[in-house]
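Have a look at the structure below, then the notes.
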Amino acid sequence: MQVELRDIRKTYGPVKANAGISLRIPAASIQGILGENGAGKSTLMKILSGFILPDSGEIFLDGQAVSIRSPADSIRNGIGMLHQDPLDFPPMKLIDDFILGHPGALGLGKAAAAREFRALAEQFDFALEPEAWVDSLTVGERQQLEILRLLWLGARVLILDEPTTGISLPQKEKLFATLKRLAAEGMSILFVSHKLEDVEFLCDRAAVLRQGSLVGEARPPFDTRTLVEMMFGKEVPLAERRTTVRESGILQVRDVSLEGLRIQMRNVSFEVRAGEVIGLAGMEGSGQSTFLGACAGLSRPVEGSFCIEEQDMTGRSHHDYKKEGVAYLPAARLEEGLVPGLSLTEHFVLAEEKKGVFIDRRKARRLAQERIELYNIKGRPESTVESLSGGNQQRMLLALLRSPLSLILVEHPTRGLDIESTIYIWSKLKARCAEGTGIVFISADLDEILQYSDRVIVFFAGKVSPPLPASSLNVDRLGALIGGKLWEELESEVAHA
Amino acid sequence: MRDSRPNRTLLQIGAIALALLFTTFVLLAAKAPPLAAYLNLGLGALGSWEVISNVLVSWVPLLLVTSGLLLTFTVGLWNIGIEGQITVGAIFSTWAFRLLLGSGMAPGLVILAAFLAGMLGGALWAMLAGALKTFGGVNEIFGGLGLNFVATALNLWLIFGPWKRPGVASMSGTVPFDPSLWLPTLNPQSRLSPIAVGIAVAAILVVYGMLRGTYFGLRLKAVGKNPRAAFLLGIPTWQYMMASFALCGLFAGLAGAVQVASVYHRLIPSISSGYGYMGLMVAMLVNYKAAIAAPVALFFAALNVGSIQLPIVLQLDSSLAGVLQGTLVLVVLLAQGARTRMLKKEGL
Ligand SMILES: Nc1ncnc2c1ncn2[C@@H]1O[C@H](COP(=O)(O)OP(=O)(O)OP(=O)(O)O)[C@@H](O)[C@H]1O
Ligand SMILES: [Mg+2]
């Protein structure tokens with residue numbers, strides 16, 4: 001189906017999120033949508049899918065003007081959207097989630113719906129069981145479920161807002177194959193992403209937004225340099241690799257055994273040194289999150305000990321770890337990291353040391369302004385955190401870090417960040433390393449792990465590798481290890497060493 | 001921007017109109033003349049200095065209780081146990097009076113001690129609900145309800161048992177204290193004590209200031225809006241929940257002490273007079289914002305006092321005030337819900 005957006009406008013107070021965007025997406029094609037954080041991508045997609053109302057502008061489907069005032073309107077017109085932050089999934093069975101919202105499902109009956117579900121899943125080679133529970137799925141599987149649901153509802157236009165953050169490599173490959181196939185069958189697909197290589201691989205055309213306006217369109221073969229220049233209005237040089245590891249140790253992990261929800265890890269030992277960056281690689285749910293949480297005192301080891309600078313911290317509370325200079329940044333920004341409803345200023349006040357009884361409002365505002373500038377956050381001191389764009393929420397999380405710190409533990413530090421911000425955030429993190437802070441981070445992005453880590457620890461189904469020098473790895477080897485291959489080789493290497 | 005001030009005000013005026021409309025229907029269904037009923041309600045609350053002072057007398061405990069509840073609501077807790085906390089506050093302060101009655105201590109000091117005892121009692125009772133929640137995993141609503149029953153039972157037992165009037169125990173409560181121990185009032189006929197009014201006003205100001213400009217208040221908000229993130233930001237969440245329970249209980253206990261020391265001068269069976277539940281309604285109606293709690297509490301107090309006349313004049317039950325208050329809360333909550341949904345649409 002051909003989609004046309006005409007002069008879409010949406011303002012939030014002084015912010016022009018969409019300043020008159022016109023875009024035509026032909027049928028049977030994949031349209032990439034690029035743009036820096038806060039450029040207005042999600043806003044435009046939410047308008048097209050009825051989640052928010054534009055101030056003005058028109059939408060045409062196959063040349064017909066349509067009025068989209070709710071998500072129901074949009075799906076009735078054949079438009080379905082996968083969101084940037086997967087919405088809360090209540091604990092229900094896949095099949096119930098699947099049926100939910102389908103007008104004809106009640107008449108159809110559950111057994112028949114389950115049959116159709118199986119048939120669809122098989123078509124796309126998704127290993128989803130209708131009787132399984134939604135909350136047991138990984139992000140990538142939820143995405144697959146959502147795609148099936150939208151297709152079943154009759155979607156002929158599919159919108160994906162940053163679908164590749166937080167899913168594993170095989171899941172990504174499967175997703176791309178699915179999208180290509182759907183496009184070949186005549187669907188139009190809007191694909192929002194910060195990963196240029198994904199857009200280059202997948203898309204038939206790309207549109208670049210900047211500050212709410214369409215600043216350019218491109219067709220294959222894409223030129224990365226030009227795209228980046230369009231996105232940021234300037235060239236963005238890649239940072240040099242540089243290491244700041246010192247001799248002294250920060251975190252000592254000794255013979256630690258952990259039990260997570262579905263996973264057990266045995267006898268993990270290593271040391272994080274001052275100024276060192278350690279990347280934790282693995283498919284989602286392989287144990288790395290549990291492990292990182294344990295390093296912050298969020299769960300207790302079954303056996304073994306954690307020491308911060310040789311001081312035994314085993315069994316102490318997260319707040320004790322915090323006092324020793326350990327910072328923990330969770331992956332779920334709005335669920336765990338930030339407090340929806342509170343302003344940026346209030347967040348900075350909360351994150352800093354408490355001084356006295358009364359809050360010095362002027363000082364707090366000044367602090368907020370400083371940090372907003374320093375971390376390049378698109379927002380005002382009095383904005384609430386939920387009004388920030390995804391990437392800006394991530395910057396906010398990092399801007400809340402106190403200093404000095406001895407150890408930063410962070411899940412997906414640059415999830416949802418554009419290239420420039422990714423480089424920028426890592427320059428900030430690396431500056432911490434230069435001061436002697438150790439960093440342990442989780443990422444689903446293998447390039448990020450290889451680019452920024454000094455050593456890498458791989459997790460697979462409860463198996464934990466010893467720290468491997470990043471220089472001994474490449475994307476292929478790391479990808480294989482994450483997928484559970486090459487472990488025997490690794491173990492024999494370790495045995496010999 | 002469709003979310004402008006006039007829009008919000010319109011919604012609120014609409015809500016009040018709707019509440020009035022519903023109450024009018026109730027009146028018509030009860031075959032009562034609505035206009036006369038409203039007129040009597042107004043006269044009953046504002047018709048003379050005496051009734052106005054009665055309104056203020058019931059404003060004091062209501063405002064105290066509301067002040068406390070703003071804190072528990074802010075931290076995300078439903079302190080249904082507030083009724084019990086008022087009662088236990090009243091019991092503790094009666095206890096203090098009885099202990100110090102013949103001690104020869106200056107009356108002012110005795111009253112002060114009774115107030116402090118009331119605050120202590122309310123706070124302890126509230127912390128019991130808090131402990132049940134934090135350590136026992138009992139939802140504070142169920143825990144609070146249970147503790148309300150226990151407090152009422154305790155109160156009745158004292159009135160009909162150990163503290164009963166010499167000779168006969170009666171529903172009219174314990175023996176009144178010596179008038180020298182009554183909280184001074186405007187004039188001998190009135191029950192209105194300027195000190196009590198001062199305490200209530202101070203309470204709401206303290207809570208307002210606390211929520212607006214202190215670390216404590218901001219941390220309470222953070223815990224209420226997202227306990228997990230608050231914990232990761234370094235806020236000891238359960239301690240803050242306990243603290244808000246304790247403070248709320250303290251205000252409720254103070255309300256109980258005021259009832260004992262300046263209104264009834266003794267312990268009576270229904271000492272909490274439903275102010276706790278009414279306070280919950282006020283707090284919900286003001287959407288947990290301290291700034292407008294005082295006038296709304298005053299309005300509720302006026303409705304209560306105004307309706308006392310109704311049975312005499314119109315043979316109507318005085319629960320009409322309750323109907324009006326309840327519908328008002330429901331309608332305003334509905335309007336707020338509608339508004340949030342509208343704003344979500346706008347993507348705000
Ligand atoms: N509800 C809101 N209230 C106020 N401002 C908002 C709101 N939603 C979005 N904005 C602002 O509109 C602008 C565009 O936001 P949008 O979410 O569309 O960006 P984006 O391109 O998706 O960015 P990202 O790559 O970071 O996800 C941002 O400056 C954002 O702060
Ligand atoms: Mg976005």
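Chain A is the first sequence line, chain B the second, and so forth, proteins listed ahead of strands; every chain is numbered from 1. These numbers come from a predicted model, not from an experiment. Note: hydrogens, waters and symmetry copies are ignored here, and every other heavy atom, side chains too, is used.
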For chain A, the option from B:Pro227, B:Ala230, B:Gly217, B:Pro236 that forms the most heavy-atom pairs under 4.5 Å
B:Pro236
Name the region of A:Lys354, side chain, backbone, both or neither, that has any atom closer than 4.5 Å to a heavy atom of chain B.
both
Please look at A:Phe358 and chain B and tell me whether the side chain, the backbone, both or neither of the residue comes under 4.5 angstrom of a heavy atom of that chain.
both
Atom group of A:Leu338 that falls short of 4.5 Å from chain B, counting heavy atoms:
backbone
Structural part of A:Lys355 lying under 4.5 Å from a heavy atom of chain B
both
Taking CZ in B:Phe299 as the centre, count heavy atoms belonging to other residues, nucleotides or ligands within less than 6.0 Å. Is the count above 12?
no
Judged by atom type as modelled, is there a donor-acceptor pair below 3.5 Å linking the side chain of B:Gln85 to the main-chain atoms of B:Trp125?
no
Taken in chain and number order and not counting sequence neighbours, the residues that satisfy salt bridge (charged side-chain N to carboxylate O under 4.0 Å, His left out) with B:Lys133 are B:Glu140
Which of A:Ile47, A:Thr43, A:Val339 touches chain B most, by non-hydrogen pairs under 4.5 Å
A:Val339
Can you list everything that forms a salt bridge (charged side-chain N to carboxylate O under 4.0 Å, His left out) with A:Lys378? Sequence neighbours excluded, please.
A:Glu36
Is chain B contacted by the side chain of A:Leu298, its backbone, both, or neither, given a heavy-atom distance below 4.5 Å?
side chain
Just so I understand: if I count every heavy-atom pair under 4.5 Å between each of A:Glu386, A:Lys322, A:His347 and chain B, which residue has the most?
A:Lys322
Under 4.0 Å between a Lys/Arg side-chain N and an Asp/Glu carboxylate O for A:Arg402 and A:Glu353?
yes
With no hydrogens and no angle check, is any side-chain donor or acceptor of B:Asn287 less than 3.5 Å from a backbone partner on B:Lys289?
no
